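We're numbering straight along the sequence, starting at 1. What you are looking at is a predicted structure, and each value in this text was computed from that prediction instead of being measured.
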Amino acid sequence: MTYTGKWKLHSVMTFDDNDMPVYLTPEEYLKAPMPYVDESDEEAVADELKERKKLIGMSIKICDDGKLYMLSPLPEGVSQAEIDKAVSAGVIKLVDGEIADEPKAWELRDGELWFDTEIEGEIYGEKSDSWVRPIDENGFFNFMNFRFIKED
């Protein structure tokens with residue numbers, strides 16, 4: 001499998017009524033209940049929907065140069081002049097017309113993709129490795145509670 005290229009969001013992991021993980025398509029996620037939001041508060045619901053729309057627009061770009069970018073769509077209603085100003089001021093970085101985090105390193109190990117999450121921590125008092133193998137047996141790129149699929 002060739003890992004370089006663009007990966008689009010496939011599904012978002014949430015929990016069902018029995019606290020079991022389930023994966024929702026982006027469309028299902030937009031329509032899913034909001035148990036942590038007062039649904040009678042129109043502003044809170046609108047804010048949650050805005051955040052969900054931003055999340056389902058995420059993608060990943062894996063480049064030949066060993067860099068991996070987590071990408072987010074540009075906010076709605078922002079003019080090109082405002083975007084250009086933010087880029088020139090160094091507030092945001094664009095990759096393929098999307099907002100990019102600082103690139104993360106990736107490499108192949110025995111033909112499998114590994115990338116540096118840069119997330120440090122401990123497991124049972126031992127320092128954990130920030131490098132992970134994100135591709136599962138179904139070919140999904142898993143990161144946190146998101147699954148991405150390679151675009152053709």
Tell me which donor-acceptor pairs under 3.5 Å the side chains of residues 78-89 have, and how far apart each pair is, sequence neighbours excluded?
unit_1: Ser79; atom_1: OG; unit_2: Glu82; atom_2: N; d: 3.1
unit_1: Ser79; atom_1: OG; unit_2: Glu82; atom_2: OE1; d: 3.2
unit_1: Gln80; atom_1: NE2; unit_2: Asp84; atom_2: OD1; d: 2.8
unit_1: Glu82; atom_1: OE1; unit_2: Ser79; atom_2: N; d: 2.8
unit_1: Ser88; atom_1: OG; unit_2: Asp84; atom_2: O; d: 3.2
unit_1: Ser88; atom_1: OG; unit_2: Lys85; atom_2: O; d: 3.0

Could you list the donor-acceptor pairs under 3.5 angstrom formed by side chains in residues 24-35, with sequence neighbours left out?
unit_1: Thr25; atom_1: OG1; unit_2: Glu27; atom_2: OE1; d: 3.4
unit_1: Thr25; atom_1: OG1; unit_2: Glu28; atom_2: N; d: 3.1
unit_1: Thr25; atom_1: OG1; unit_2: Glu28; atom_2: OE1; d: 3.4
unit_1: Glu28; atom_1: OE1; unit_2: Thr25; atom_2: N; d: 2.8

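Counting only heavy atoms from C-beta outward, the side chains of Glu120 and Ser128 never approach each other to under 4.5 Å. In this structure the side chain of Ser130 never reaches within 4.5 angstrom of the side chain of Lys104, judged on heavy atoms. In this structure, the side chains of Ile99 and Pro73 stay at 4.5 Å or more apart for every pair of heavy atoms. Side-chain atoms of Glu98 and Lys6, non-hydrogen and from C-beta on, do get closer than 4.5 Å to each other. Residues Phe143 and Val132 fail the side-chain proximity criterion, which asks for heavy atoms closer than 4.5 Å. Within the 4.5 Å cutoff, side-chain heavy atoms of Leu113 are placed close to those of Trp106. Contact of the Arg147 side chain with the Ser11 side chain is registered, since non-hydrogen atoms from C-beta on lie closer than 4.5 Å.
With sequence neighbours left out, Glu51 forms a side-chain contact (heavy atoms from CB on, under 4.5 Å) with Lys54, Leu55. Asn138 meets the side-chain contact (heavy atoms from CB on, under 4.5 Å) test with Asp136, Phe140; sequence neighbours excluded. When the salt bridge (charged side-chain N to carboxylate O under 4.0 Å, His left out) test is applied to Asp96, the partners found at least two apart in sequence or on another chain are Lys61. Asn18 pairs by the side-chain contact (heavy atoms from CB on, under 4.5 Å) definition with Asp16, Met20, not counting sequence neighbours. A search for ring pair (Phe, Tyr, Trp, His ring centres under 6.0 Å) contacts involving Phe141 returns Trp7, Phe115, not counting sequence neighbours. Scanning for side-chain contact (heavy atoms from CB on, under 4.5 Å) contacts around Glu43 gives Asp41, Asp47, with sequence neighbours left out. Scanning for salt bridge (charged side-chain N to carboxylate O under 4.0 Å, His left out) contacts around Glu107 gives Arg109, with sequence neighbours left out. For Phe148, the ring pair (Phe, Tyr, Trp, His ring centres under 6.0 Å) criterion is met by no residue, not counting sequence neighbours.
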* Asked: Tyr36 and Glu48: side chain to side chain contact (heavy atoms under 4.5 Å, CB included), yes or no, with the steps?
  -> CA-CA 10 Å; Tyr36 43 86; Glu48 176 63 16; 2.9 Å; yes

* To do: Show your reasoning for whether salt bridge (Lys or Arg N to Asp or Glu O under 4.0 Å) applies to Arg133 and Glu112.
  => CA-CA 7 Å; Arg133 187 181 61 190; Glu112 293 185 296; 3.4 Å; yes

* Derivation of the salt bridge (Lys or Arg N to Asp or Glu O under 4.0 Å) call for Lys67 and Glu102 -> CA-CA 9 Å; Lys67 293 179 181 170; Glu102 286 300 313; over 6 Å; no

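Grouping the Ile, Leu, Val, Met, Phe, Trp and Tyr side chains by contacts below 4.5 angstrom, directly or via other members, places Trp131 apart from Ile60. No path of Ile, Leu, Val, Met, Phe, Trp and Tyr side chains, each step under 4.5 Å between heavy atoms, connects Leu68 with Ile92, placing them in separate hydrophobic clusters. Hydrophobic clustering of Ile, Leu, Val, Met, Phe, Trp and Tyr side chains at less than 4.5 Å, counting indirect connections, keeps Leu71 apart from Val91.
Heavy-atom minimum distance, Trp114 versus Pro134: CA-CD, 4.3 Å. A pairwise comparison of heavy atoms in Tyr69 and Pro103 identifies CE2-CB, 3.5 Å as the closest pair.
Tyr124 belongs to a hydrophobic cluster whose remaining members, ordered by chain and number, are Ile123; membership requires side-chain heavy atoms of ILVMFWY residues under 4.5 Å apart, directly or through intermediates. Cluster partners of Met13, using a side-chain heavy-atom cutoff of under 4.5 Å among ILVMFWY residues and allowing indirect links, are Phe15, Tyr23.
Annotation: the span from Met70 atom CE to Met144 atom CE amounts to 9.0 Å, rounded to 0.5 Å. The structure places CG of Leu9 at 7.5 Å from CD1 of Ile56, a figure rounded to the nearest 0.5 Å.
In Asp38, the CG atom is crowded: over 12 heavy atoms of neighbouring residues, nucleotides or ligands sit closer than 6.0 Å.
Remark: side-chain polar atoms of Thr117 are paired, donor with acceptor, to backbone N or O of Ile119 under 3.5 angstrom.
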